[in-house]
Asker: 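Before we start, here is the structure in question, set down as structure tokens.
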Amino acid sequence: MLEKSFDHKAIEPMLYAAWEEDGAFAAGATGGDPFTIMIPPPNVTGSLHMGHALTFTLQDTLVRWRRMQGRDALWQPGTDHAGIATQMVVERQLAAKGESRAALGRDAFLARVWQWKAESGGTITTQLRRLGASLDWPRERFTMDDGLSAAVREVFVTLFNQGLIYRDRRLVNWDPKFRSAISDLEVENKEIRGSLWYISYPVEGSDERLVVATTRPETMLGDSAVAVNPEDARYTHLVGKFVVLPLTGRRVPIIADSYSDPEKGTGAVKITPAHDFNDFAVGERHSLPMPSILDRDARITLGEIEDELAHVAGVADPDFVRTLAGLSREDARKAIVAELERLEFLVKIEPHTNQVPHGDRSDAVIEPLLTVQWYCRADVLAAPAIAAVEDGRVKFVPKQWENTFFAWMRDIKPWCISRQLWWGHRIPAWYGPDGQVFVAKTADEAAALALAAYGEVLEITQDDDVLDTWFSSGLWPFSTLGWPDKTADLARYYPTDVLVTGFDIIFFWVARMLMMGLHFMGDVPFRTIAIHGLVRDERGQKMSKSKGNVIDPLTLIDEYGADALRFAVLQQTGPGRDIKLGPTLVASGRGFVTKLWNAARFCEMNGVAPVAGFDPASVTSPLCRWLLAETNTAIVSATAALEAYRFDDYAFACYQFTWGSFCDWFVELAKPVLNGSDEAAAAELRATAAHVLGLTIRLLQPAIPFATDALWEGMGFGAARSLISAPWPEPMVLSNVAAAQAEIAWVIRLISAVRELRGEMNVPPATLAPVFLADASRQTLDRAARYEDAVRRLARANQVGPLVGTIPTGAAQIMLDEATIVLPLAGLIDLTAERKRLTRDHDRARDDADKLERKLAGADFVARAKPDVVEDTRLRAQTARDEQARLAAALARLGAG
RNA sequence: GGGCGCUUAGCUCAGCGGGAGAGCACUACCUUGACACGGUAGGGGUCACAGGUUCAAUCCCUGUAGCGCCCACCA
């Protein structure tokens with residue numbers, strides 16, 4: 001016996017444990033074609049959030065569906081070491097205990113991070129199990145596993161030897177909070193309301209002053225030129241002369257460079273090559289000195305200008321400048337502005353908004369800084385990736401994301417891959433005493449390289465830096481399968497089938513996997529990229545801690561069940577659309593699960609049980625045949641939807657069928673049969689119901705795996721937990737279902753029409769009324785007779801049959817096909833209201849007919865429109881006109897008010 | 001500054017070159033023997049605006065407005 005309701009709290013964890021124990025998610029269990037999805041590895045120390053719930057529900061749905069189709073499904077689990085994020089968490093913990101990374105030292109710090117990983121690394125995987133994710137757990141990988149680390153070293157060394165990884169000293173985005181370089185992608189520009197300061201620079205050997213505008217006055221300590229546009233007549237006479245910088249007294253040239261925009265500021269722009277990307281380019285063009293005046297904490301440092309400070313005079317004030325050393329950018333700015341004002345070099349201050357780069361994780365203002373870093377020639381690697389998308393070897397769903405992808409890839413910049421962190425893959429490069437570089441997979445190999453190159457044993461030390469986290473996640477589709485070894489798994493499961501992920505990591509991750517996969521495997525890492533939206537709250541607001549609208553998926557699972565959450569997610573997931581989620585929607589998901597559960601209970605209570613050898617083609621009753629036809633429609637729609645990654649359509653097809661077709665109509669129409677005396681009819685109905693219920697459960701397994709599994713076993717469809725590998729439903733072969741469909745459709749229309757009328761006339765449900773048919777065909781009368789019990793029950797009728805005699809005055813009348821349904825409600829209904837109703841319907845029919853006839857009267861329409869459209873319009877016009885006539889007659893019968 | 005997307009019922013969204021849809025919310029009624037996490041019925045929309053193409057436009061094209069997202073050199 002099924003329980004009265006599905007107790008998700010008790011059943012879900014129990015079932016999952018049993019699945020796992022069974023090895024139900026293990027790849028390689030069938031000989032079918034592989035179907036592979038790589039999990040986007042979540043941060044090992046993270047916990048499940050709504051974005052995870054979304055993406056993993058979609059992936060699990062696809063995997064479960066393909067597994068039922070007989071595919072050898074592999075959903076590869078694993079986690080990411082997430083360099084910055086994890087190091088940040090552990091550093092915060094240290095700080096809370098009064099410790100610090102620096103005090104601990106590298107090895108001890110890393111030991112702490114591993115310890116933290118051991119403690120919290122299981123959180124996310126436990127939570128994935130709560131969601132029902134059918135991952136092949138024994139294959140779980142971590143990006144810093146030995147095998148994956150070996151893959152990283154292999155890739156680094158290979159790319160280095162191919163000239164695709166190199167070291168360079170240039171400006172990087174420096175995050176002063178993490179004291180590390182970050183890549184362009186990790187920079188977020190934020191609009192900041194600030195000021196534009198106009199500063200006058202005295203022109204050497206003249207009384208003239210050149211005014212520059214800047215948003216960063218503090219960088220003037222590092223100015224090495226002022227640039228004007230060569231076309232700018234205001235300044236041509238100054239090009240080649242020098243200005244003397246206030247404060248430092250440095251002489252810097254006035255140069256002509258087209259970078260200077262006459263429209264912006266004063267048209268003269270100060271050039272600080274070491275602290276601005278554009279200025280750096282100008283500096284390179286004009287061979288300018290590039291003094292850095294900010295250190296790795298973004299504090300003022302005077303080291304590189306100390307010498308000149310000792311030798312200046314005049315406008316300069318070395319003593320003031322020295323007071324700036326060690327100040328933050330913000331403090332230095334204030335001090336410098338105040339000093340400039342005091343010395344009357346400050347011309348004016350204007351309010352100004354501009355885009356200021358911030359670190360996406362630290363939220364610190366990024367400082368362009370001149371440092372030596374490792375770079376990857378992304379442009380070279382990008383070309384094959386672009387080609388793969390262009391020629392369709394990889395498809396984005398929805399396709400529009402290809403534009404975004406191309407735009408970025410075609411203009412890709414060198415990828416800065418080194419990070420000044422400790423947690424991550426240490427760069428496999430060693431340096432000799434004179435800065436010689438040896439790139440190798442191990443220290444021994446590096447030493448051997450050094451020996452070979454210099455003929456002596458060199459003292460070599462490994463690079464302190466680690467690699468960008470995305471460097472290792474870019475290898476995920478093949479490193480998890482054993483690469484660089486040529487494993488059987490690699491041969492079988494690569495390329496994977498589909499990557500499911502959010503648009504926010506197309507550049508970070510998707511593009512890198514494509515580049516690395518093509519370069520090292522010679523084939524794309526996945527054939528389809530299914531991009532989903534962002535999870536928002538029920539009002540469409542982005543979830544954020546500061547807004548306080550973050551919903552914890554685990555809370556929702558506790559309250560409503562994983563099935564409910566999953567179903568709600570699927571219902572919301574349309575292509576390229578953000579997903580709205582919250583308690584109301586998840587509650588409605590639970591409502592659906594409950595509905596299915598209760599439908600099954602109803603079946604069980606009525607003796608519905610699977611019948612061995614049941615053949616859908618042999619079913620005779622129209623109701624059963626109609627149900628089978630409806631089931632086929634659901635199977636076709638659901639399958640097509642999943643094939644197209646239309647998760648919302650999949651959920652809707654299942655929902656509509658289960659709730660609308662099965663519960664609302666089939667079950668209700670079946671009740672009289674089940675309670676009736678025709679045993680053969682009841683038996684056929686039970687067998688059909690069982691068959692259809694079994695198909696429904698299978699259709700829904702990918703969406704709501706827990707409840708369906710419980711039903712599958714509880715109703716005797718199969719052995720415990722055999723649903724996971726039960727075959728995915730195929731449309732049944734049914735012949736000539738049209739007659740059955742027409743018949744049941746008619747019954748539904750009859751019942752609905754009577755209900756509608758009673759509702760409109762405010763006839764209380766407790767009042768039973770006869771339903772008579774006038775002008776009805778033989779077929780209609782037969783149908784009415786066959787479904788009399790159902791109509792009585794569902795249309796609150798105490799009698800159903802042909803009208804004897806003429807339509808009585810005061811009876812309500814409904815036009816249904818050729819027949820007029822007569823409800824002799826004299827005394828029960830308000831004749832005025834009925835007259836009003838009939839008049840309204842009459843006028844509506846007349847207006848429709850008028851409109852359609854007008855359309856048909858137009859010569860162009862008949863001549864140019866498609867013949868079937870014209871024919872259809874004629875038919876509709878005729879029908880409307882007939883209906884109008886019959887309603888007019890009905891009104892006449894009702895008598896005058 | 002460049003690019004992409006959106007604008008349809010109170011809300012969230014489908015849809016589509018020829019008859020305006022769903023879910024939720026709302027209103028009324030119903031404790032009918034699977035389910036009140038239920039049932040039945042109902043109200044509610046000039047399909048953002050302006051042009052154009054077409055026999056026919058919510059749908060295609062152009063423009064306008066508003067909103068959202070991504071990218072971009074901090075004067």
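Within every chain, numbering begins at 1; the chains are lettered A, B, ... in the order of the sequence lines, protein sequences first and strands thereafter. Keep in mind the model is a prediction, meaning the values are calculated, not measured.
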Asker: Mind checking the C1' distance from B/G23 to B/C29? Whole angstroms is fine.
Answerer: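 Approximately 22 Å lies between the C1' atom of B/G23 and that of B/C29.
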Asker: Of the nucleotides B/U12, B/G39, B/C71, which one has an atom closest to the side chain of A/D664?
Answerer: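 Of all the options, the side chain of A/D664 is nearest to B/G39.
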Asker: For the side chain of A/K4, counting heavy atoms from C-beta on, which of B/G18, B/C74, B/C35 is nearest?
Answerer: B/C35
Asker: Taking it one step at a time, do A/K671 and A/R793 satisfy side-chain contact (heavy atoms from CB on, under 4.5 Å)?
Answerer: CA-CA 10 Å; A/K671 281 173 182 172; A/R793 185 189 154 79; 3.3 Å; yes
Asker: Looking at B/C73, B/C74, B/G5, which one has an atom nearest to any side-chain atom of A/Q400?
Answerer: B/G5
Asker: Using a cut-off of strictly less than 4.0 Å, decide whether A/K348 has a side-chain nitrogen or oxygen near OP1 or OP2 of B/A75.
Answerer: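 For A/K348, the contact criterion (side-chain N or O under 4.0 Å from OP1 or OP2 of B/A75) is not met.
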Asker: Nearest to the A/T404 side chain among B/A75, B/C70, B/A34, which nucleotide is it?
Answerer: B/C70
Asker: Could you check whether A/C603 gets within reach of a base, just the sugar-phosphate, or nothing at all, counting any heavy atom under 4.0 Å?
Answerer: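 Touches nothing.
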Asker: Take A/R793 and A/W659, find for each the nucleotide of RNA chain B with the closest heavy atom, and name the residue whose nucleotide sits nearer the 5' end.
Answerer: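 The residue mapped nearer the 5' terminus is A/R793.
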Asker: Atom CD of A/E756 and atom P of B/A28: how far apart are they, to the nearest Å?
Answerer: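 So the CD-P distance, A/E756 to B/A28, works out to 20 Å.
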Asker: Heavy atoms from C-beta onward define the side chain here; which of B/A34, B/G18, B/G33 lies closest to that of A/N675?
Answerer: B/G33
Asker: Considering every strand and a 4.0 Å limit on heavy-atom distances, what is the contact class for A/F652: base, sugar-phosphate, or nothing?
Answerer: sugar-phosphate
Asker: Taking the side chain of A/S260 as its heavy atoms from C-beta onward, which of B/C74, B/A75, B/A34 lies nearest to it?
Answerer: B/A75
Asker: Can you check the distance between B/A28 and B/A65, where both ends of the measurement are the P atom (answer in whole Å)?
Answerer: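 Going atom to atom, P in each nucleotide, I get 45 Å.
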Asker: Indicate yes or no: does A/E604 engage A/R601 in a salt bridge with an N to O separation below 4.0 Å.
Answerer: no
Asker: When both hydrogen-bonding distances must be under 3.5 Å and the geometry is Watson-Crick or G-U wobble, what is B/G1 paired with, if anything?
Answerer: B/C71
Asker: Answer yes when A/D363 and A/K190 have at least one side-chain N-carboxylate O distance shorter than 4.0 Å, and no when they do not.
Answerer: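 Answer for the salt bridge query: yes.
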Asker: Counting side-chain heavy atoms from CB outward, which of B/G39, B/C55, B/C24 is closest to A/Y655?
Answerer: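 Of the options given, the side chain of A/Y655 lies nearest B/C24.
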Asker: Between A/D232 and A/R234, does any NZ, NE, NH1 or NH2 come within less than 4.0 Å of an OD or OE carboxylate oxygen?
Answerer: yes
Asker: Of the listed nucleotides (B/C70, B/U32, B/C35), which one gets closest to any side-chain atom of A/R796?
Answerer: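 It is B/U32.
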Asker: How would you label the contact of A/A587 with the nucleic acid (heavy atoms, under 4.0 Å): base, sugar-phosphate, or nothing?
Answerer: nothing
Asker: Look at all strands and tell whether A/N403 reaches a base, only sugar-phosphate, or nothing, counting heavy atoms closer than 4.0 Å.
Answerer: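 Nothing: the residue A/N403, judged by heavy atoms under 4.0 Å, touches no strand.
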Asker: Please figure out whether A/Q571 or A/A268 has its closest RNA chain B nucleotide nearer the 5' end.
Answerer: A/Q571
Asker: Taking atom C1' in both B/G39 and B/U31, what distance in whole Å separates the two?
Answerer: 11 Å
Asker: Less than 4.0 angstrom from a charged side-chain N to a carboxylate O is my criterion; do A/E367 and A/R329 meet it?
Answerer: yes
Asker: Write down the distance separating the C1' atoms in B/G43 and B/C35, rounded off to the nearest Å.
Answerer: 27 Å
Asker: OP1 or OP2 of B/C37 sitting under 4.0 Å from any side-chain N/O of A/R590?
Answerer: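 No, A/R590 has no side-chain N/O under 4.0 Å of OP1/OP2 on B/C37.
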Asker: Using Watson-Crick or G-U wobble geometry with both distances below 3.5 Å, tell me the partner of B/G18, or none.
Answerer: B/C55
Asker: A/Q572 and A/R577: side-chain donor and acceptor closer than 3.5 Å?
Answerer: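 Checked: A/Q572/A/R577 side chains pair up, N/O donor to acceptor below 3.5 Å.
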Asker: Taking atom P in both B/G63 and B/C47, what distance in whole Å separates the two?
Answerer: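 Looking at atom P only, B/G63 and B/C47 are 22 Å apart.
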Asker: Using the six-membered ring wherever Trp is involved, compare the ring planes of A/F6 and A/W597 and label them parallel, tilted or perpendicular (cut-offs 30° and 60°).
Answerer: tilted
Asker: How would you label the contact of A/A599 with the nucleic acid (heavy atoms, under 4.0 Å): base, sugar-phosphate, or nothing?
Answerer: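 It contacts base atoms.
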Asker: Rounded to whole angstrom, note down the C1' distance from B/U54 over to B/U58.
Answerer: 15 Å
Asker: Side chains of A/N173 and A/D184 only: does a donor on one sit below 3.5 Å from an acceptor on the other?
Answerer: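 Yes, side-chain donor-acceptor contact under 3.5 Å.
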Asker: With a non-hydrogen cut-off below 4.0 angstrom, is A/T873 in contact with a base, only sugar-phosphate, or nothing?
Answerer: nothing
Asker: Under 4.0 Å, counting only non-hydrogen atoms across every strand here, what does A/K866 touch: a base, just sugar-phosphate, or nothing?
Answerer: base
Asker: Out of B/A34, B/A75, B/G19, which has the shortest distance to the side chain of A/R876?
Answerer: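 From the listed options, B/G19 comes nearest.
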Asker: Tell me: CG of A/L875 to P of B/G18, nearest whole Å?
Answerer: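 In whole Å, B/G18 P and A/L875 CG are 18 Å from each other.
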Asker: Can you see if the side chain of A/R646 gets near the phosphate of B/G15 - specifically, an N or O under 4.0 Å from OP1 or OP2?
Answerer: yes
Asker: Whole angstrom is fine here: how far is it from CZ in A/R577 over to C1' in B/A14?
Answerer: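 Atom CZ in A/R577 sits about 9 Å away from atom C1' in B/A14.
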Asker: Over how many whole Å does the gap from A/M220 atom CE to B/A75 atom C1' extend?
Answerer: 14 Å
Asker: If I take atom CD in residue A/E760 and atom C1' in nucleotide B/A28, what distance separates them, rounded to the nearest angstrom?
Answerer: 13 Å
Asker: Pick base, sugar-phosphate or nothing for A/R216, based on heavy-atom distances below 4.0 Å to the nucleic acid.
Answerer: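 Base contact.
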Asker: Classify A/D261 by what it touches in the nucleic acid, base, sugar-phosphate, or nothing, heavy-atom distance under 4.0 Å.
Answerer: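 Here A/D261 touches the bases of the nucleic acid.
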Asker: So, A/Q878 and A/R881: side-chain donor and acceptor under 3.5 Å apart, yes or no?
Answerer: no
Asker: Write down the distance between CZ (A/F503) and P (B/C4), rounded to a whole number of angstrom.
Answerer: 17 Å
Asker: With the side chain of A/R755 defined as its heavy atoms from C-beta on, choose the nearest nucleotide among B/C70, B/U40, B/C55.
Answerer: B/U40
Asker: Pick the P atom in B/A22 and in B/G44, then give their distance to the nearest Å.
Answerer: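 One P to the other, the span is 14 Å.
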Asker: Take atom NZ of A/K671 and atom C1' of B/A34, then tell me their distance rounded to the nearest Å.
Answerer: 7 Å
Asker: Check this one for me: any side-chain N or O of A/R864 less than 4.0 Å away from OP1 or OP2 of B/C55?
Answerer: yes
Asker: Under a 3.5 Å cut-off for both contacts, is B/U64 paired Watson-Crick or G-U wobble with anything, and if yes, with which nucleotide?
Answerer: B/A48
Asker: Under 4.0 Å between any heavy atoms, over every strand shown, what does A/V667 touch: base, sugar-phosphate, or nothing? Just pick one.
Answerer: base
Asker: Check whether any side-chain nitrogen or oxygen of A/H352 sits under 4.0 Å from OP1 or OP2 of B/A75, and answer yes or no.
Answerer: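 Checking B/A75 against A/H352, a side-chain N or O does come within under 4.0 Å of OP1 or OP2.
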Asker: Do the rings of A/F567 and A/F592 sit parallel, tilted or perpendicular, given the 30° and 60° boundaries?
Answerer: parallel
Asker: Kindly say whether, by distance alone, the side chain of A/E668 makes a donor-acceptor pair under 3.5 Å with the base of B/A34?
Answerer: yes
Asker: Return the value, rounded to whole Å, for the distance between atom CG of A/D279 and atom C1' of B/C73.
Answerer: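 The distance from CG of A/D279 to C1' of B/C73 comes to 9 Å, rounded to the nearest Å.
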Asker: Within the 4.0 Å heavy-atom criterion, would you say A/V269 contacts the bases, only the backbone, or no part of the nucleic acid?
Answerer: base
Asker: Counting only Watson-Crick pairs (N1-N3 plus N6-O4 or O6-N4) and G-U wobbles (N1-O2, O6-N3), all under 3.5 Å, who is the partner of B/U27?
Answerer: B/A41
Asker: Looking at every strand, decide which applies to A/I366 at a 4.0 Å heavy-atom threshold: base, sugar-phosphate, or nothing.
Answerer: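 Here A/I366 touches the bases of the nucleic acid.
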Asker: If I pick the C1' atom on B/A48 and the same atom on B/A9, what distance separates them, to the nearest angstrom?
Answerer: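 Their C1' atoms lie roughly 15 Å apart.
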